[in-house]
Amino acid sequence: MPVSVLESALFKDMFGTNAMRAVFDDAATVRRYVETEVALARVQGRLGVIPAQAADAIAARADAAAIDMEELRIETEIVGYPILPLVHQLSRICGAEGEYLHWGATTQDIMDTATVLQVRDALEIIDADLAALDDILDKLALQYRDTPMAGRTHLQHALPITFGYKAAVWLLMVRRHRERLAQLRPRVLIGQFGGAAGTLASLGDLGLAVHAALMQELGLGATPITWHVARDGLAETVQFLALVAGSLGKIAVDIMLMMTNEFSEAFEPFVKGRGASSTMPQKRNPISCELMWSASKTVRQHAGLALDAMLQDFERATGPWHIEWSAVPEAFVLTAGALHQAKFMLGGLEVDTARMASNLDISGGLIVAEAVMMGLAPHIGRQTAHDVVYDACRFAATSRRRLADVLKEDARVTERLDGTAIERLCDPANYLGAAPAMVDRMRAYSLSGRA
């Protein structure tokens, strides 16, 4: 019985995706270990560190599929790390030439490099998902560029906006995340090879040459010094994932509130039975939003763990490294799951523009009180206009009358504005400000950060 929703047959596809799990599962992890060991043997054979024929034999015979996973599990529990048991098996598989495996390396070199290779694959998935979400939000912003709705601050009506404006704000976050991803790759996709204490002492004068050749062989970047205890790269990766998940959580909160009966402005795509209640047939619960919201909370906790893992003692840590073993893959799987839910939900979002218009008028024009105040201000001064409109708003609210009708009965207003002007100022569609133009600007906003 799995103890995690990420492994549960019932829940795993709600909280993650097959593609991302396949990057970090045991089989993929062992393949990356073997890939790193083989790459090390290849470059050492070319550089004369080990016999060329031994390197060729290792490259030809080392096969991750031949590893006995049960034996590896048992020995890993004994040793505490999987690399020594893995090298034992690979040595047997490779024959006499297997004696040259793992030459000058240490366990953390292999495991860290394998993790970075996995992170590289995982970031490709995240990148593709963000690009797809970018396209979905761009289309929503364009479609609803001029669709008025109530803008809300402190959960109260504030000023009119458009739904396209709201979608464009979401789009801004996604575009910035895509920019962040591109920027972090050079800092994160760097391999590890330093030997026992990071100095490559066992390879003598050839240590740095092996290091450079290994990174080139694997297509990874290199740092000028070993990063066994400098964990900021992986920590940054998880912080990035937390930012992505946090933005998805914000979108989820918006849609969840808009799905409430009181708002009924937007809905997750209808799928028969999705979001149904076991007792209340009328229910249409925001399932994708709930999963996105949950992921945003959980990945944030993993971000904290990744920061804790940075506090490593001396040249090789006593335990913080182990935190990354769960924080990194779980953060990726949860973020991928949240992105999957976001693409489904936003890609099929049902938008009720009539209800948006109805909600916009629910206050009888109070939502554009600022427009009236600014219309009066040139005639009687801003502060006086504020007080006049404030009084009118209070009376309109308590008497449940339209703000325009109350204003038409106030001589302080009618002396300056006629009925047509008052009606124009009280029409929310006339007070959208630069919202539509901002949508255009956002859609033109490039990944370089400039419109």
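Hydrogens, waters and symmetry mates are skipped; everything else that's a heavy atom, side chains included, is used.
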Inset, instruction - Would you confirm whether the ring centroid of Phe314 sits within less than 6.0 angstrom of the ring centroid of His228? - result: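 Ring centres of Phe314 and His228 not closer than 6.0 Å.
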Give a yes or no on this: more than 12 heavy atoms of other residues, nucleotides or ligands lie within 6.0 Å of atom [atom1] of [X].
X	atom1	value
Trp321	CH2	yes
Asp68	CG	yes
Met374	CE	no
Leu208	CG	no
Glu409	CD	yes

Minimum side-chain heavy-atom gap [X]-[Y] below 4.5 Å:
X	Y	value
Ile251	Ser247	no
Cys426	Val372	yes
Met258	Met149	yes
Lys166	Asp254	yes
His386	Glu370	no
Val79	Thr107	no
Leu360	Pro160	yes

Would [X] and [Y] pass as an ion pair if we require N to O under 4.0 Å?
X	Y	answer
Arg175	Glu179	no
Asp127	Arg185	yes
Arg145	Asp440	yes
Asp352	Arg355	no
Glu265	Arg152	yes
Arg32	Asp121	yes

Inset, instruction - Apply side-chain hydrogen bond (donor to acceptor under 3.5 Å, both in side chains) to Gln118 and Thr29, showing your working. - result: CA-CA 8 Å; Gln118 290 173 306; Thr29 299; 3.0 Å; yes
Return yes if some donor-acceptor pair links the side-chain N/O of [X] with the main-chain N/O of [Y] below 3.5 Å, else return no.
X	Y	result
Asn430	Leu425	no
Gln216	Ala212	no
Thr223	Thr226	no
Thr335	Phe332	no
Asp138	Leu171	no
Asp410	Leu407	no
Thr237	Gly233	yes
Glu268	Met345	no
Gln312	Ala230	no
Ser363	Ile367	yes

Legend entry - Arg424 to Tyr431 six-membered ring, cation-pi geometry met (6.0 Å, 45°):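 Here Arg424 fails the 6.0 Å and 45° test against Tyr431.
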Inset, instruction - Tell me whether the guanidinium CZ or amine NZ of Arg31 lies under 6.0 angstrom from the six-membered ring centre of Tyr33 and within 45° of its axis. - result: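 No, Arg31 does not sit over the ring of Tyr33.
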Please give me the minimum heavy-atom distance between [X] and [Y], naming the atom from each residue.
X	Y	result
Ala39	Leu218	CB-CD2, 3.6 Å
Asp109	Gly194	OD1-N, 2.9 Å
Ala132	Lys343	CB-CD, 3.7 Å
Pro286	Met259	CB-SD, 3.6 Å
Met215	Ala222	CG-CB, 3.8 Å
Val238	Ala331	CG1-CB, 4.0 Å

Inset, instruction - Go through Thr162 and Asp146 one step at a time and tell me if the side-chain hydrogen bond (donor to acceptor under 3.5 Å, both in side chains) criterion holds. - result: CA-CA 6 Å; Thr162 70; Asp146 303 306; over 6 Å; no
Inset, instruction - Could you please spell out the steps behind the side-chain contact (heavy atoms from CB on, under 4.5 Å) verdict for Phe395 and Arg401? - result: CA-CA 8 Å; Phe395 185 74; Arg401 297 178 63 196; 3.7 Å; yes
Inset, instruction - Only pairs at least two apart or in different chains count here, so list each ring pair (Phe, Tyr, Trp, His ring centres under 6.0 Å) that has a residue in residues 125-160. - result: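 Checked against ring pair (Phe, Tyr, Trp, His ring centres under 6.0 Å) - neighbours excluded - the pairs reaching residues 125-160 are Tyr144-Phe163.
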Inset, instruction - Verify side-chain contact (heavy atoms from CB on, under 4.5 Å) between Arg412 and Asp391, making sure each step is shown before the conclusion. - result: CA-CA 11 Å; Arg412 295 172 298 178; Asp391 291 342; 4.1 Å; yes
Legend entry - Chi angles and distances behind the side-chain contact (heavy atoms from CB on, under 4.5 Å) call for Val116, Ile190: CA-CA 7 Å; Val116 172; Ile190 50 175; 5.6 Å; no
Inset, instruction - Determine, step by step, whether Leu155 and Leu257 satisfy the side-chain contact (heavy atoms from CB on, under 4.5 Å) criterion, reporting the C-alpha distance in whole Å, the side-chain angles of both residues, the deciding distance to 0.1 Å, and the verdict. - result: CA-CA 10 Å; Leu155 294 178; Leu257 289 172; 4.1 Å; yes
Inset, instruction - Could you walk me through whether Glu423 and Arg402 pass the salt bridge (charged side-chain N to carboxylate O under 4.0 Å, His left out) test, one step at a time? - result: CA-CA 10 Å; Glu423 289 289 348; Arg402 293 173 65 242; 2.9 Å; yes
Inset, instruction - Mind running salt bridge (charged side-chain N to carboxylate O under 4.0 Å, His left out) on Glu124 and Arg120 for me, showing each step along the way? - result: CA-CA 6 Å; Glu124 288 295 328; Arg120 183 172 65 185; over 6 Å; no
Inset, instruction - Please step through side-chain hydrogen bond (donor to acceptor under 3.5 Å, both in side chains) for the pair Glu290 and Asn285, ending with a clear verdict. - result: CA-CA 9 Å; Glu290 291 173 1; Asn285 295 319; 5.6 Å; no
Inset, instruction - State, without any angle test, whether Trp227 and Asp112 hold a side-chain donor-acceptor pair at a distance under 3.5 Å. - result: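 Asp112 and Trp227 do not have a side-chain donor-acceptor pair below 3.5 Å.
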